[in-house]
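Scroll down for the structure; my scribbles are underneath it.
When a ligand or atom number is given, it counts from 1 through the structure's own listing order.
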Amino acid sequence: MRLTRIAAAAAGIAIAALTLTACNSGTPGAGPNEPGGETTENPWTVATDVSLEGSPTFDAIKARGSVNIGVKEDQPNLGYLDPATSVRSGFDIDIARWIAASLGYDEDKINYVVVDSANREQAIINGQIDYYVGTYSITDARKEQISFAGPYFVTGQGLLVAKDSSITGVDDLTADTVVCSVTGSTSIQRIKDETPAKTVELSKYSECVEQVKNGQADAVTTDEAILIGYAAFDPDNLKVVGEPFSEERYGVGVAKGDTAFVEFVNAMLTDGGDVWTAIFEKNLGPAGVTGTQPAVDPAE
Ligand code: GLU
């Protein structure tokens, strides 16, 4: 399926310097749009006359006239809302915007809905969101409840610790180590299954980062791409250690069985390698995240 991209994109938004915490000393994740607030154009275009037969998701979007997208907003470089400027940014946010634009919906027709890891499947099943883009690993268990387009990115689980920590990798997690992660994530499950560490479960990774900073937890565990964003915010106090110890393939979560929508997004990703690269280099490249675009898997 080829996509129609006719209308020119609206002017890109300025991405302000990130301000996750007051101690931020730099502007990690700063892409070509910032700092300084210069605007650049988005690498995608807003399509017109989009035809997408047989997709209940697209039918609902058309009837509503806007797109409801599930996202994160506390993950710098991936899904982030700057509390100071109210600017939303990140690789996942741009993937979400690119999908909306390919469906014919520009930024002013997007409603962002923040959904934590534990509530993603239910938000899709309830129809609260049309699709979800937020460090969402494709897993067989989740595929029993929803469908995935993608993968659009691959990363692996890692550890974030205090700068002076002696933990150097997953093998250093003992029964005396307190590891914080998020309810409903693949990250917390793997630590429970594969290490003797004590676990603390919270709703958001940013809450776990605070626990490490104030000494309540010894490590935060989740995908390296997420942890690199937190470490870049506070390099004086935090570091990412060890080698990744899983493979996390990020997908776009959609209603189970909406094959037409999945195929549409997969075609967009497959045909849009240049857009993917521009989004990656804007959001993740500057923070030192490495990666190339994975091939989509039609079997998902
Ligand atoms: N990618 C992992 C997952 O989907 C961890 C990150 C997250 O919770 O979003 O469970």
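- Distances below 4.0 Å separate heavy atoms of Y136 from the following atoms of ligand 1: 4 (O).
- The option from Y250, Y132, Y205 that lies nearest to atom 7 (C) of ligand 1, judged by heavy atoms, is Y205.
- For R142, the heavy-atom gap to ligand 1 drops under 4.0 angstrom.
- For R120, the heavy-atom gap to ligand 1 drops under 4.0 angstrom.
- For Y230 and Y205, the distance between ring centers is not under 6.0 angstrom.
- The distance from ligand 1 to the heavy atoms of S117 drops below 4.0 Å at these ligand atoms: 7 (C), 8 (O), 9 (O).
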Inset, instruction - Decide yes or no on side-chain contact (heavy atoms from CB on, under 4.5 Å) for K204 and V114, but give the supporting numbers first. - result: CA-CA 11 Å; K204 297 175 190 295; V114 178; 4.2 Å; yes

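- Cluster membership check: I138 does not share its hydrophobic cluster with V254, using side-chain heavy-atom separations under 4.5 Å among Ile, Leu, Val, Met, Phe, Trp and Tyr.
- Of the listed residues (Y132, Y250, Y152), just one forms a side chain to side chain donor-acceptor pair (under 3.5 Å) with D92, and that residue is Y152.
- Both the backbone and the side chain of T135 come within 4.0 Å of ligand 1, judged by heavy-atom distances.
- Geometrically, ligand 1 and S185 share no nitrogen or oxygen pair separated by less than 3.5 Å.
- Using a 4.0 Å cut-off to heavy atoms of I226, the atoms of ligand 1 that qualify are 6 (C).
- With a 4.5 Å cut-off between side-chain heavy atoms of Ile, Leu, Val, Met, Phe, Trp and Tyr, the cluster of V200 takes in V178, L202.
- The distance from ligand 1 to the heavy atoms of S187 drops below 4.0 Å at these ligand atoms: 5 (C).
- Considering only non-hydrogen protein atoms, atom 2 (C) of ligand 1 sits nearest to T186 OG1, 3.2 Å.
- The aromatic rings of Y131 and F261 are tilted relative to each other, their planes meeting at an angle between 30° and 60°.
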Legend entry - Step-by-step side-chain contact (heavy atoms from CB on, under 4.5 Å) determination, R249 to F148: CA-CA 10 Å; R249 299 159 68 245; F148 285 101; over 6 Å; no

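- Heavy atoms from other residues, nucleotides or ligands lying under 6.0 Å from NZ of K239 number more than 12.
- Which parts of ligand 1 touch D223 is read off a 4.0 Å heavy-atom cut-off, strictly below it: atoms 1 (N), 2 (C), 5 (C), 6 (C).
- Of all atoms in ligand 1, listed by their number and element, those nearer than 4.0 Å to a heavy atom of T222 are 5 (C), 6 (C).
- At a cut-off of 3.5 Å, with distance as the only test, no side-chain donor of E210 or N214 sits close to an acceptor on the other residue.
- Using modelled atom types, one finds no donor on one side chain facing an acceptor on the other under 3.5 Å when comparing T57 with D130.
- Contact analysis leaves V182 out of contact with ligand 1, as no non-hydrogen atom separation drops below 4.0 angstrom.
- Ligand 1 lies less than 4.0 angstrom from a heavy atom belonging to K72.
- Of the heavy atoms in S137, both backbone and side-chain atoms come closer than 4.0 Å to ligand 1.
- Set against the non-hydrogen atoms of G134, the atoms of ligand 1 under 4.0 Å away are 9 (O).
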